[in-house]
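One-based numbering, in listed order, for ligands and for the atoms of each. Values below: every heavy atom of this structure, side chains too, minus hydrogens, waters and symmetry copies.
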Amino acid sequence: MITFRDVNKHYGKFHVLKNIDLHVKQGEVVVVIGPSGSGKSTLLRCINRLEPITDGGLEVDGVSVNHKKTNINKLRQEIGMVFQHFNLYPHKKVIDNITLAPTKVLGISKKEAAETAMLYLEKVGIPEKADVYPAQLSGGQQQRVAIARGLAMKPKIMLFDEPTSALDPEMVGEVLDVMKSLAHEGITMVVVTHEMGFAREVADRIIFMDQGQIVEEAAPAEFFTNPREERARVFLSRLI
Ligand code: ADP
Ligand code: MG
């Protein structure tokens, strides 16, 4: 579903991604971990071309992301993204936040979009919040709305960039629970997180990045009990 082949990326002179090779299969849940500044967000942002790569090959669902002829808007419809900061429209009700893209981009009728939005609000556990404004919600609830909004486009891939990092600790669990249930439904997910419990329980594969490189790639049981790379060992030991 996602293929990086020897991808490099520079920000000016700064070499932020170095020789990235990564293959994510359909339905796979890949968790990306690593120190701050290691290039995790940049890696995610390349997948929907929020950042262009400098060289190498990057394909999503068989489409070359950076090819001139690629219809990037169409490709982006297949890729939902959830950020640390929820970026909901503050002046729109929850339901309207969710129906906006399906009606404007996919051309779905308001009525159908609203019905679908309610299904996803139920899925994330807050159907009763459809008619309130984002400011009336807790951080955890806002992030669940952001997830529902992403799902409403029926993407093939969901990207999560530290979705719980801005939340108060008591709200982290409710967002992770929603992500866990998604993971079990077979949507392809790439998740950047510092939540090692989630990574251990839900990931099919852990990618450990440091200084722009994928340093280690392993199944969670293997990675957490016996990381091969010294940098991964040091990273894990600092988390405890
Ligand atoms: P992470 O998500 O792992 O913390 P990032 O992908 O955000 O890492 O950043 C990797 C490195 O690239 C950092 O050193 C960061 O300062 C730098 N960087 C990120 N975005 C930009 C940008 N738009 N321009 C220049 N440098 C950037
Ligand atoms: Mg980041």
In a simple table, one pair per line, please give the protein and ligand 1 atom names for every N or O pair closer than 3.5 Å, along with the distance.
from: ligand 1; atom 1: 2 (O); to: S41; atom 2: N; distance (Å): 2.9
from: ligand 1; atom 1: 2 (O); to: S41; atom 2: OG; distance (Å): 2.9
from: ligand 1; atom 1: 3 (O); to: S38; atom 2: N; distance (Å): 3.2
from: ligand 1; atom 1: 3 (O); to: S38; atom 2: OG; distance (Å): 3.4
from: ligand 1; atom 1: 3 (O); to: G39; atom 2: N; distance (Å): 3.0
from: ligand 1; atom 1: 3 (O); to: K40; atom 2: N; distance (Å): 2.9
from: ligand 1; atom 1: 3 (O); to: K40; atom 2: NZ; distance (Å): 2.8
from: ligand 1; atom 1: 4 (O); to: G37; atom 2: N; distance (Å): 2.7
from: ligand 1; atom 1: 6 (O); to: T42; atom 2: N; distance (Å): 2.9
from: ligand 1; atom 1: 6 (O); to: T42; atom 2: OG1; distance (Å): 2.5
from: ligand 1; atom 1: 8 (O); to: G39; atom 2: N; distance (Å): 3.1
from: ligand 1; atom 1: 20 (N); to: Y11; atom 2: OH; distance (Å): 3.4

Out of curiosity, C46 SG to I2 CD1, how far, rounded to the nearest 0.5 Å?
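One gets 11.5 Å once the value is rounded to the nearest 0.5 Å.
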Anything under 30° is parallel, anything over 60° is perpendicular, the rest tilted; go ahead and classify H15 against H10.
parallel
Aromatic plane relationship, F14 with Y11 - under 30° parallel, 30 to 60° tilted, over 60° perpendicular:
parallel
If hydrophobic clusters are built by linking Ile, Leu, Val, Met, Phe, Trp and Tyr wherever their side-chain heavy atoms come under 4.5 Å apart, do [X] and [Y] end up in the same one?
X: V30; Y: F224; value: no
X: V31; Y: M1; value: no
X: V24; Y: I79; value: yes

Only protein N/O/S atoms count here: give how many lie under 2.8 Å from the Mg ion (ligand 2).
1
Can you list everything that forms a salt bridge (charged side-chain N to carboxylate O under 4.0 Å, His left out) with K68? Sequence neighbours excluded, please.
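With sequence neighbours excluded, K68 shows a salt bridge (charged side-chain N to carboxylate O under 4.0 Å, His left out) to no residue whatsoever.
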Tell me which pairs pass salt bridge (Lys or Arg N to Asp or Glu O under 4.0 Å) where either residue lies in residues 209-230, with sequence neighbours left out.
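Qualifying pairs, neighbours excluded: R205-E217, D210-R231, E222-R228.
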Taking NZ in K180 as the centre, count heavy atoms belonging to other residues, nucleotides or ligands within less than 6.0 Å. Is the count above 12?
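Buried by this count: over 12 neighbours within 6.0 Å.
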